[in-house]
Amino acid sequence: MSNILPFSRPTIDEATIAAVADVLRSGWITSGPKAQEFERRLSAYFGGRPVRTFNSGTCTMEIALRIAGIGAGDEVITTPISWVATANVILEVGATPVFADIDPVTRNIDLNKLEAAITPRTKAVIPVYLAGKPVDIDRLYAIAAKHKLRVVEDAAQAIGSSWKGKPIGSFGGSLGDFVSFSFQANKNITTCEGGCLVLNNEEEAKLAEKYRLQGVTRSGVDGIDVDVLGGKYNMTDVAAAIGLGQFAQLEAITAQRRKLARHYFKILGKDFETQTGAQLPPEDYESTNWHLFQIVLPERITRAEFMTRMKEYDILVGYHYAPIHLFTLYRKLGFKEGMFPVAEHVGKQIVSLPMFYAMNEGDVERTCMAMREVLAVPSNPR
Ligand SMILES: *Cc1c(COP(=O)(O)O)cnc(C)c1O
């Protein structure tokens, strides 16, 4: 076994591998009973709200925007610190992306700045729960209600996270709208690639099904019709079988990640920030699922140097994310340096330390020791 510690690694148990083999032998390998069963399980978890599965998290957000009727001439506000998919879907539907800077503590969109960015053309907001940490859901939906905005929650990283004791995605009515999850390989539960969308009612769910499969709708006794332009976004039963096996472990996965996060804080110690100048994430064992354990490095070391030095200890550090507005595609739309200073600072110095289900406390200790040497501070007297 190699001694290399990655920042993330999926764990697929033997029962899940056997379930996948069963699907492969069954003669029905694309979307079918397993995908439907996965949707039923997810719906029960999300308080009975309608849920549909897809072949990525990205397409769920694009489809949510289409269901909401958002397109050319509409503005959609999001955060510059996310995977680029979050902003790309706004362009995909022909709408205009607008960014609001982030909060330096949570690293999520700053809701004051979000509210300040609203114009008469704003139709929707896409908040991202970075590392699984939700924004203030009460405040978010109060702003949305006041300005009559649709919300597409980019909860790609937030399955297992909660707000006031209830799962993210399970709020309907005044505290819920579209909620999008990803099951990409590095996410807390995975289907290799995939995602799901929590919707508000059966009418939206029917539309989601149409956008998921070429706009096909049933019409007449056994005929079909096509009345909207859809794509090819369905989840296979092979993927759904993996998802069912992963979903059965969600509680254990979330608990283990919270335990590992607690151990990071314990081993790094109370003085870590003042000793090193690095910034830890908010210490939270309630709402976040600890999808990532991210620190913002002090200015005296570059992210590239930190990553290279950690690699000398066989520890692979991740990077989530480069500010979206500084990518060439977005610069061409007029975005530039200096527009979102908090995002630019965080985006330059943020790193993701190893955090995954199969990791143990020894791995956390090894990472902390290496980090103390790389950041050249005396080891924690404990
Ligand atoms: C993973 C991720 C996505 C995209 O999900 P895919 O399933 O890869 O399409 C979008 N937003 C965030 C914040 C993510 O972490």
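In this chain, numbering begins with 1 at the start of the sequence shown. Computed over heavy atoms, backbone and side chain alike; hydrogens, waters and symmetry mates excluded. In each ligand, atom 1 is the first atom listed, and ligand 1 is the first ligand listed.
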* **Residues that S31 engages under side chain to side chain contact (heavy atoms under 4.5 Å, CB included), provided they are two or more places apart** =>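 Listed in chain order: N234.
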* Sequence neighbours excluded, which residues qualify as side-chain hydrogen bond (donor to acceptor under 3.5 Å, both in side chains) partners of E153? ->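 For E153, the residues satisfying side-chain hydrogen bond (donor to acceptor under 3.5 Å, both in side chains) (neighbours in sequence not counted) are Y129, Y141.
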* **side-chain hydrogen bond (donor to acceptor under 3.5 Å, both in side chains) against T79, all qualifying residues, sequence neighbours excluded** =>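 Partners of T79 under the side-chain hydrogen bond (donor to acceptor under 3.5 Å, both in side chains) test: none.
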Starting from the N and O atoms of ligand 1, collect every protein N/O partner closer than 3.5 Å and put each pair on its own line with the distance to 0.1 Å.
| unit_1 | atom_1 | unit_2 | atom_2 | d |
| --- | --- | --- | --- | --- |
| ligand 1 | 5 (O) | S182 | OG | 3.3 |
| ligand 1 | 7 (O) | G57 | N | 2.8 |
| ligand 1 | 7 (O) | S182 | OG | 2.7 |
| ligand 1 | 9 (O) | G57 | N | 3.3 |
| ligand 1 | 9 (O) | T58 | N | 2.8 |
| ligand 1 | 9 (O) | T58 | OG1 | 2.4 |
| ligand 1 | 11 (N) | D154 | OD1 | 3.4 |
| ligand 1 | 11 (N) | D154 | OD2 | 2.8 |
| ligand 1 | 15 (O) | Q157 | NE2 | 2.9 |
| ligand 1 | 15 (O) | K187 | NZ | 3.2 |
| ligand 1 | 15 (O) | Y321 | OH | 3.3 |

* Structure fact -> Rounding to 0.5 Å, atoms NE2 (H345) and CD1 (I81) come to a distance of 10.5 Å
* To do: Please check if L280 and V351 belong to a single hydrophobic cluster, counting links between Ile, Leu, Val, Met, Phe, Trp and Tyr side chain heavy atoms closer than 4.5 Å.
  => yes
* For the student: nearest non-hydrogen atoms of T190 and A185, plus distance -> OG1-CA, 3.3 Å
